[in-house]
Number of protein chains: 2
Amino acid sequence: MKIGELVKRSGLSAHTIRYYERIGLLPPADRDRSGQRDYDVSILTWIEFLNRLKTTGMPIRDMLLYAALRARGTETEAERKALLEEHRERVRAHVAELQDCLLVLDTKIAGYAGVEERIKIHDARQTKRR
Amino acid sequence: MKIGELVKRSGLSAHTIRYYERIGLLPPADRDRSGQRDYDVSILTWIEFLNRLKTTGMPIRDMLLYAALRARGTETEAERKALLEEHRERVRAHVAELQDCLLVLDTKIAGYAGVEERIKIHDARQTKRR
DNA sequence: CTACGGGTTAGAGTGCACTCTAAGTCAAGG
DNA sequence: CCTTGACTTAGAGTGCACTCTAACCCGTAG
């Protein structure tokens, strides 16, 4: 798979793919005889996982750490697990915080709805009096 | 309340408070006779709400929009409500996405735990054979 | 043969949200 | 009077994660 196809299948831009490779988030791609990047489909699984980490707010430097451990092989699995467990805790905490904020938003929105109600009631009264 | 106290009570830095005022997120502060900012406690409620918006990922330009509507008074309440409702939807969607990612993390972590299990079993067998 | 559509690189530029610097003012305490 | 520390401003700098530019190369279809 050339970079153009990977762009389509991964959702990343070619710029971003090369950038990720440059900083070490993606392994150095194999090249065809003319020097162009030639990807194995398995890269898609990795990119998808990176996307999960990114969505959950993991900074690139932590992803790099994970990628480096992964590159070092099986011996680093305990460390990788610990890294993910810590991250999971942060994500859980963040979700809890967001849910808290959602309650505040609900209250605020309900307050505005209340205002609308009061306007309607007020208008109704005005109408009656006319 | 001077800026120093607001720093302590709001958690924002003085730099950030002045920056927020400059861009219009905070209303222009009253000044004492020597020109220093003098805040009313009510500003804390507003800052707290801004923090909620920020935590939930609202970009500053949207907060500015909300702040501008607020400054225009009661007539903009329907618009503000709509803005918050849209935002709430985005936050809900984001929370759902995060929960999805959490499941992926759980699976991944369980996979590593599985590896540890297999190592233990393998070691146990080795011990038996010895 | 040549145009075209892809690819290549190093490095510059972007947008966001701060964060800090430099140089100055001001009021109270010793 | 002088120091201290909190405040003031305009504007520069930071860190992140891309995103794009310029100038180039390569293989194939017409």
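We name chains A, B, ... by the order of the sequence lines, and we start the count at 1 in each one.
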Exercise. Picking from D/dC16, D/dC18, C/dC16, which would you name as closest to the side chain of A/Arg61?
Worked result: D/dC16
Exercise. Got a donor-acceptor contact below 3.5 angstrom from the A/Asp38 side chain to the A/Arg31 backbone?
Worked result: no
Exercise. Between A/Lys8 and A/Glu5, is there a salt bridge with N-O shorter than 4.0 Å?
Worked result: no
Exercise. What parts of residues 45-57 of chain B reach DNA chain C, counting only heavy atoms under 4.0 Å away?
Worked result: B/Lys54
Exercise. Rounded to whole angstroms, how far apart are NZ on B/Lys2 and P on C/dC26?
Worked result: 14 Å
List every contact pair, protein side and nucleotides 8-11 of chain C side both N or O, where the distance is under 3.5 Å.
from: C/dT8; atom 1: OP1; to: A/Arg37; atom 2: N; distance (Å): 2.8
from: C/dT8; atom 1: OP1; to: A/Arg37; atom 2: NH1; distance (Å): 2.8
from: C/dT8; atom 1: OP2; to: A/Arg18; atom 2: NH1; distance (Å): 2.5
from: C/dT8; atom 1: OP2; to: A/Arg37; atom 2: NH1; distance (Å): 3.4
from: C/dT9; atom 1: OP1; to: A/Arg31; atom 2: NH2; distance (Å): 3.1
from: C/dT9; atom 1: OP1; to: A/Arg37; atom 2: NH2; distance (Å): 3.4
from: C/dT9; atom 1: OP2; to: A/Arg37; atom 2: NH1; distance (Å): 3.0
from: C/dT9; atom 1: OP2; to: A/Arg37; atom 2: NH2; distance (Å): 2.9

Problem set entry | Test item: B/Ser13 side-chain N/O and B/Thr16 main-chain N/O as donor-acceptor pair under 3.5 Å | yes
Exercise. Whole-Å distance between D/dG13 C1' and B/Tyr19 OH?
Worked result: 14 Å
For this session: Take the protein atom NZ of B/Lys8 and the nucleotide atom P of D/dA6, then report the distance between them rounded to whole Å.
Result: 8 Å
Problem set entry | Exceeds 12 heavy-atom contacts within 6.0 angstrom, atom CG of B/Asp32 | yes
Problem set entry | Whole-Å distance separating the CD1 atom of A/Ile60 from the C1' atom of D/dG15 | 12 Å
Exercise. More than 12 foreign heavy atoms under 6.0 Å from CD of A/Glu48: is that the case here?
Worked result: no
For this session: Using whole Å, report how far CD1 of A/Ile17 lies from C1' of D/dC18.
Result: 13 Å
Exercise. Over how many whole Å does the gap from B/Met58 atom CE to C/dC16 atom C1' extend?
Worked result: 16 Å
Seminar exercise, completed: Distance col, row B/Leu25:CG vs B/Arg61:CZ, nearest 0.5 angstrom, shows 12.5 Å
For this session: Could you list the residues that satisfy side chain to side chain donor-acceptor pair (under 3.5 Å) with B/Asp106, not counting sequence neighbours?
Result: A/Arg88
For this session: Could you check B/Arg18 against B/Glu21 for salt bridge (Lys or Arg N to Asp or Glu O under 4.0 Å), going step by step and ending with a plain yes or no?
Result: CA-CA 5 Å; B/Arg18 284 189 285 256; B/Glu21 182 179 324; over 6 Å; no
Exercise. Whole-Å distance between C/dC16 P and B/Leu64 CG?
Worked result: 11 Å
Exercise. Are any of A/Tyr20's side-chain N or O atoms less than 4.0 Å away from OP1 or OP2 of D/dA17?
Worked result: no
Problem set entry | In one Ile/Leu/Val/Met/Phe/Trp/Tyr side-chain cluster, 4.5 Å: A/Phe49, B/Leu103 | no
Problem set entry | Rounded distance in Å - CG (A/Leu25) to P (D/dC18) | 9 Å
